[in-house]
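What follows is a single structure, written as structure tokens, with notes after it.
As the structure is a computational prediction, the values presented were derived from the model and not from experiment.
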Amino acid sequence: MDKILILDFGSQTTALIARRIRESGVYTEIVGVNIFNREKLREAKGIVLSGSPESVYETGLAPDRSVYDCGLPLLGICYGLQRMTQDNGGQVTAFPKREYGGVKVTLQVPADTPSHVKTFLKAFGTDGSMFTAWMSHGDSLEKLAPGFDGYGISGTDFPAVVAHESKQWYGLQFHPEVTHTERGKEALKTFATEVCGCEKSWSMGSYLAEAKDSIRRRAGDSPVLLLISGGVDSMVTGALLLDALDPEQVHLMYVDTGLMRKNETELVKRNLKKLSARHLHIVRCGDEFFDALAGLSAPEDKRKVIGDLFIKIQEREVARLGLSDSYLLAQGTLYTDLVESGKGVGDKAHLIKSHHNVGSPLVDAKRREGRLLEPLDKLYKDEVRELGRILGLDEEVVGRHPFPGPGLAVRVLGEVTREKCDILREVDAIFIDELRKRRTADGERSLYDDIWQAFAVLLPVRSVGVAGDARKYGWVAALRAVSSADGMTADVYPFPPKDLIEISTLITNGVNGIGRVTYDISSKPPATIEWE
């Protein structure tokens, strides 16, 4: 199968590049720059050099020279372009003027432009075309490497698009993989299919076949235990395990931490019955989690405590099940979980936030022992939904909004208590119920289905208000709703004011303890989707 190879220099969007290319039907493999070698080039028809949080002046990030000697087409993205420039005789400099966010780029394609360059550039337009590109870099190109010419200039007068006059080497000083870049997806498709000549032979169906084969090889006859939350990721993982293995091998354990959404346990039971699972274990242990969280307010402390306790309870309950020592632990970990936790393909990614199923020392230990199955770790959320539909899961399951592994503990800001969780559960239930009832302006879908993710947050402050003729001192709840394609970037959902006002009124009138409601209007970046 034809493939594009991506060298991972630690960018938060490296897998998003792969995802965009896969959408065009071309198989894409990510490899850490620290483990890249000539052997990795087998079957590759092109190479992408990803972005990075580092500078080209940092040590240890230069790729093996075989990247430049292999004769394959190369595409450098952001840091990848800077890396190509610095490694081949150009110069990269940290200028006082930096470029972040949406920046206009003007294409410059003179008549004598080499034909291979025109083939790549046509995705962005013709000479004089202007488009918005998403940038995130402090360093810029001061001098192009020998043989390179500039074909696009940014609104701040820095080179934004370059290409080699004779080699099929191209560079973009922006991120074509994010949805904010106009025609970026088309550029990646053009590189893979027209420049590199890859056949469109990859699909989610082929991914499913490979995943099932990998699960069978890894598991053998050993029992597999999945910690299932009832959210999209773990439910799809459960469906995949049950499809790949003998259902007698698969044990589904649902840990009710007391940090779940309203009526979550009942919903989980109902949905799991549809999977024809033979071993379902419900563990109620809310008291243990609230005791462990007492006095903690820092987000990372809460995540680590929840992750450790989660695994300890799992191990305790597994012992009660009498599974053999050879059992494997399965999790619905997505690539975004690994990226944000600094656990990408290579070792250069930066920590954004810990995920309870990624950052826990106990999970790390199981990963090192080779006893961890994470069959979704190369996928993004919308790809997981597509896989779930192929596996036959109901839309009620695959269409649910994302829910964090630590549950309400990261939506109750500050110290977590049962009382605060009970209040937040009611707020969130009203918010989500109203989104399901209300329709978009054209009436074609519910607001819930039009939104990527929506939820409520309980702030660690109280506000003065009036209830009747009495002074009221209540908690402040924040509502969050975003539009996104993959969760790596997100825009604020543009609610009509009427909807927000009516929902706010329902919450303050219906939830005892809430005195004020706000709406979060922060996009990602600079904010994350979750508050913690």
Side-chain angles (χ1 to χ4, degrees), residues 4-9 11-14 16-21 24 28 46-53 56 63 67 72-88 90 92 98-109 113-114 116-126 129-142 144-145 147-165 167-196 488-489:
I4 297 295
L5 201 65
I6 299 179
L7 296 193
D8 179 24
F9 291 99
S11 170
Q12 298 293 314
T13 60
T14 295
L16 189 51
I17 303 171
R19 181 279 181 83
R20 296 292 184 230
I21 298 175
S24 66
T28 310
I47 300 175
V48 175
L49 285 73
S50 82
S52 174
V56 293
V67 171
L72 295 176
L74 305 180
L75 173 59
I77 293 176
C78 196
Y79 174 90
L81 166 59
Q82 297 173 8
R83 188 76 264 170
M84 290 171 62
T85 300
Q86 190 79 4
D87 291 345
N88 292 281
V92 178
R98 301 184 176 192
E99 294 180 311
Y100 291 99
V103 177
K104 290 294 184 182
V105 173
T106 301
L107 211 58
Q108 301 171 334
V109 191
T113 298
H116 76 91
V117 178
K118 288 182 178 178
T119 296
F120 175 69
L121 294 181
K122 70 179 182 180
F124 292 115
T126 57
S129 294
M130 182 178 291
F131 60 94
T132 299
W134 188 261
M135 301 207 180
S136 180
H137 61 97
D139 297 345
S140 295
L141 307 187
E142 182 172 12
L144 300 184
F148 280 85
D149 290 308
Y151 294 95
I153 191 78
S154 74
T156 42
D157 294 325
F158 289 130
V161 182
V162 305
H164 197 281
E165 60 185 17
K167 300 176 181 179
Q168 290 179 298
W169 291 5
Y170 314 91
L172 304 175
Q173 190 58 85
F174 52 85
H175 290 273
E177 67 273 20
V178 303
T179 55
H180 299 74
T181 294
E182 295 177 325
R183 298 188 285 277
K185 180 179 176 180
E186 289 80 357
L188 292 172
K189 178 181 178 181
T190 298
F191 176 74
T193 60
E194 298 190 43
V195 174
C196 300
M488 295 304 291
T489 59

Between [atom1] on residue [X] and [atom2] on residue [Y], distance to nearest 0.5 Å:
X: Leu121; Y: Leu107; atom1: CG; atom2: CG; result: 5.5 Å
X: Leu144; Y: Asn88; atom1: CG; atom2: CG; result: 12.0 Å
X: Leu74; Y: Leu49; atom1: CG; atom2: CG; result: 6.5 Å
X: Gln173; Y: Ile77; atom1: CD; atom2: CD1; result: 11.0 Å
X: Thr28; Y: Ile21; atom1: OG1; atom2: CD1; result: 4.5 Å
X: Arg20; Y: Thr181; atom1: CZ; atom2: OG1; result: 10.0 Å

Looking only at atom types and distance, does a side-chain atom of Ser50 sit under 3.5 Å from a main-chain N or O of Leu7, one as donor and one as acceptor?
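Yes; judged by distance alone, with no hydrogens or angles, the pair exists.
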Do Ser154 side-chain atoms and Thr156 backbone N/O form a donor-acceptor pair below 3.5 Å?
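A pair under 3.5 Å: yes.
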Are [X] and [Y] side-chain neighbours, meaning at least one heavy-atom pair lies under 4.5 Å?
X: Phe9; Y: Pro63; value: yes
X: Ser24; Y: Leu188; value: no
X: Val48; Y: Phe191; value: yes
X: Val109; Y: Thr126; value: no
X: Ile17; Y: Ile4; value: no
X: Trp169; Y: Met84; value: yes
X: Tyr170; Y: His116; value: yes

Under the side-chain contact (heavy atoms from CB on, under 4.5 Å) rule, what do Tyr79 and Val56 come out as? Steps first, then yes or no, please.
CA-CA 7 Å; Tyr79 174 90; Val56 293; 3.7 Å; yes
Would the Phe174 and Phe124 ring centres measure less than 6.0 Å apart?
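Yes, ring centres under 6.0 Å apart.
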For the student: nearest non-hydrogen atoms of [X] and [Y], plus distance:
X: Val103; Y: Gly155; result: CG1-N, 3.8 Å
X: Ser52; Y: Ser11; result: N-CB, 3.9 Å
X: Pro114; Y: Glu165; result: CG-O, 3.5 Å
X: Cys78; Y: Gly51; result: CB-CA, 4.4 Å

Salt bridge (Lys or Arg N to Asp or Glu O under 4.0 Å) contacts in which one or both residues fall within residues 175-190, not counting sequence neighbours
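Residue pairs passing salt bridge (Lys or Arg N to Asp or Glu O under 4.0 Å), neighbours aside: Glu23-Lys185.
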Side chains of residues 131-139: which donor-acceptor partners sit under 3.5 Å, not counting sequence neighbours?
residue	atom	partner	partner atom	Å
Thr132	OG1	Lys104	NZ	2.8
His137	ND1	Asp139	O	2.7
His137	NE2	Glu99	OE1	2.8
Asp139	OD2	Ser55	OG	2.9

